Structures are given as structure tokens and as C-alpha cells.
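The block underneath contains the structure these notes are about, expressed in C-alpha cells.
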Amino acid sequence: DNLAGKAHFWLGYLQLSSDKGDYGIAHWKQSISYEPTNSAAWFNLGRAQLKQQDYQSALDSFNKAEQNAFDSYLVPLFKAEAEAKLNLNQEARLSFQHALEMAPERWATHFGYARFLHSIKNYQEAAKVVKTALTIDPDFENSTSSGCEYYAEKMNRQDYLFIHNLITA
């Protein structure tokens with residue numbers, strides 16, 4: 001019944017958010033078995049698979065989240081990370097750009113894209129993306145909802161400073 005599906009959803013979320021076990025993959029799959037169109041479960045399954053470096057499975061899960069009308073910038077942002085790890089650079093670029101279009105006020109979209117551009121040695125474009133991000137209020141990420149059900153990863157200010165220094169040096 002759907003109550004069991006919700007229980008698996010929450011157990012998966014607890015494992016994913018605390019970096020425990022298989023990051024909740026078994027629970028996400030159980031949750032999806034009860035509700036195959038649960039886009040939040042597909043998204044979180046993709047996040048867990050990404051943490052396990054199972055990039056193709058993560059990409060498949062993010063695609064399912066998109067197919068089920070999960071309207072959040074986080075889906076293309078995480079999808080782009082999986083695509084980049086699979087060396088699908090054109091697809092990754094498009095996904096990062098889509099995330100930026102959906103949420104231009106978010107640091108995560110800018111710095112994810114800048115990291116990607118830097119990794120493919122497009123330093124000038126990476127620096128341009130970072131300069132745009134530097135105009136965004138750094139407290140915005142911590143003080144607003146990401147718009148994604150149950151998503152809770154904090155903005156890492158040290159990561160921000162590292163990327164800023166790396167790209168603008």
C-alpha cells in the first residue's frame with residue numbers, strides 16, 4: 001500500500017541525507033515500486049546513485065524525474081553532473097544551461113556550470129560564469145528553499161571560495 005511507499009521514501013531520505021549505507025537506494029527503489037511516477041523519489045534515487053559513482057543509473061533516474069514533471073532546477077543540475085562524468089559534454093552543457101535558466105539566482109547552478117567549464121578547459125567562460133555568481137547574495141542559498149521536496153544539502157562556502165580563487169586566478 002501507499003503507506004509502505006511513503007515509509008520507504010522517508011527511510012531513503014534519512015539514509016541519503018546522513019550519508020549512511022547505500023544512501024537509501026534500496027528504499028528509493030521500493031518507494032518507486034509503490035508509486036512509479038514519484039518524481040522526487042526518482043530524483044533522490046539519482047542523487048544516491050551519483051554518490052555511489054553509478055553515473056549511467058543516476059542519469060537514467062534523473063531522466064525519469066524529468067519525465068514525471070519534476071519542475072526543479074536541481075534535476076538538470078544533477079543530471080549535468082552525471083552527463084559530465086560520462087563525458088557527454090554537449091549534453092552536460094545543455095543541462096547546466098537549463099538549470100541556470102530555471103534558477104539564475106542560485107549559486108549552485110553557477111558554480112556547477114563553472115566547475116564543468118573549468119574541467120573541459122574553457123577557462124574564460126568559467127570565469128565569466130563565476131563573475132556573474134559573485135553578484136548573488138551568498139546568504140540566499142542558506143536562507144531560501146531550493147524548491148525541491150526534501151532536498152537538504154548546505155552550500156559549502158569553502159567550496160565557493162576554492163572555485164572563486166581557482167577560476168579567477
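As the structure is a prediction and not an experimental result, all values here were calculated from the model.
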Q: Could you grab the distance from atom OG of Ser61 to atom CD of Gln56, nearest 0.5 Å is fine?
A: 10.0 Å

Q: Please report the closest heavy-atom contact between Pro36 and Trp42, naming both atoms and the distance.
A: O-NE1, 2.7 Å

(Q) Is any side-chain heavy atom of Leu86 closer than 4.5 Å to one of Glu91? (A) no

Q) Hey, any chance Phe78 and Leu88 share a hydrophobic cluster, counting ILVMFWY side chains that come within less than 4.5 Å of each other, even indirectly? A) yes

**Q.** Note, Val75 side chain near Met102 side chain (heavy atom, < 4.5 Å)
**A.** no

Q | Heavy-atom pair with the smallest gap, counting every atom of Ala108 and Leu77 | A | O-CD1, 3.7 Å

Q.
With rounding to the nearest 0.5 angstrom, report the CD to CD distance, Gln90 to Glu83.
A. 10.0 Å

(Q) Do Leu14 and Leu45 land in one hydrophobic cluster if side-chain heavy atoms of ILVMFWY residues count as linked below 4.5 Å? (A) no

Q.
Looking at Glu81 and Arg47, is any side-chain nitrogen of the basic one under 4.0 Å from a carboxylate oxygen of the acidic one?
A. no

Q: Would you please name every residue forming a side chain to side chain contact (heavy atoms under 4.5 Å, CB included) with Ala58, sequence neighbours left out?
A: Gln49, Leu50, Phe62, Ala82

Q.
Taking Glu105's backbone N and O only, do any of them form a donor-acceptor pair with Thr109's side chain (distance below 3.5 Å, no angle check)?
A. no

Q | Side-chain heavy atoms of His8 within contact of Trp28, under 4.5 Å | A | no

Q) At what distance, to the nearest 0.5 angstrom, does NZ of Lys64 lie from CD1 of Ile32? A) 9.0 Å

Q: Report the distance from atom NZ of Lys85 to atom CG of Asp54, rounding to the nearest 0.5 Å.
A: 13.5 Å

Q: Measure the NZ-CG distance between Lys79 and Asp60 for me, rounded to the nearest 0.5 Å.
A: 10.5 Å

Q) Tell me, do Asn89 and Phe116 make a side-chain contact under 4.5 Å, heavy atoms counted? A) yes

Q) Any side-chain donor-acceptor pair under 3.5 Å between Tyr113 and Gln97? A) yes

Q. Can you check whether Asn38 reaches Asn68 side chain to side chain, under 4.5 Å on heavy atoms?
A. no

Q. So, the side chain of Ser95 versus the backbone of Ala92: is there a donor-acceptor pair under 3.5 Å, distance only?
A. no

Q: State, without any angle test, whether Asn63 and Gln67 hold a side-chain donor-acceptor pair at a distance under 3.5 Å.
A: no

(Q) Please give me the minimum heavy-atom distance between Ser31 and Gly5, naming the atom from each residue. (A) OG-O, 3.2 Å

Q.
Let's go through His110 and Val130 carefully: what are the C-alpha distance in whole Å and the side-chain angles of both, what is the deciding distance for side chain to side chain contact (heavy atoms under 4.5 Å, CB included) to 0.1 Å, and is it a yes or a no?
A. CA-CA 7 Å; His110 293 275; Val130 168; over 6 Å; no

**Q.** Verdict with reasoning, Glu125 to His118, per side chain to side chain contact (heavy atoms under 4.5 Å, CB included)
**A.** CA-CA 8 Å; Glu125 193 175 350; His118 191 270; over 6 Å; no

Q. How far apart are the closest heavy atoms of Ala126 and Ala114, and which atoms are they?
A. CB-O, 3.7 Å

Q.
Is the distance from the ring center of His27 to that of Phe9 below 6.0 Å?
A. no

Q) Can you tell me if Asp22 uses its side chain to pair, donor with acceptor, with the backbone of Ile25 under 3.5 Å? A) yes

Q) Donor-acceptor pair, Gln15 side chain versus Tyr23 backbone, under 3.5 Å? A) no

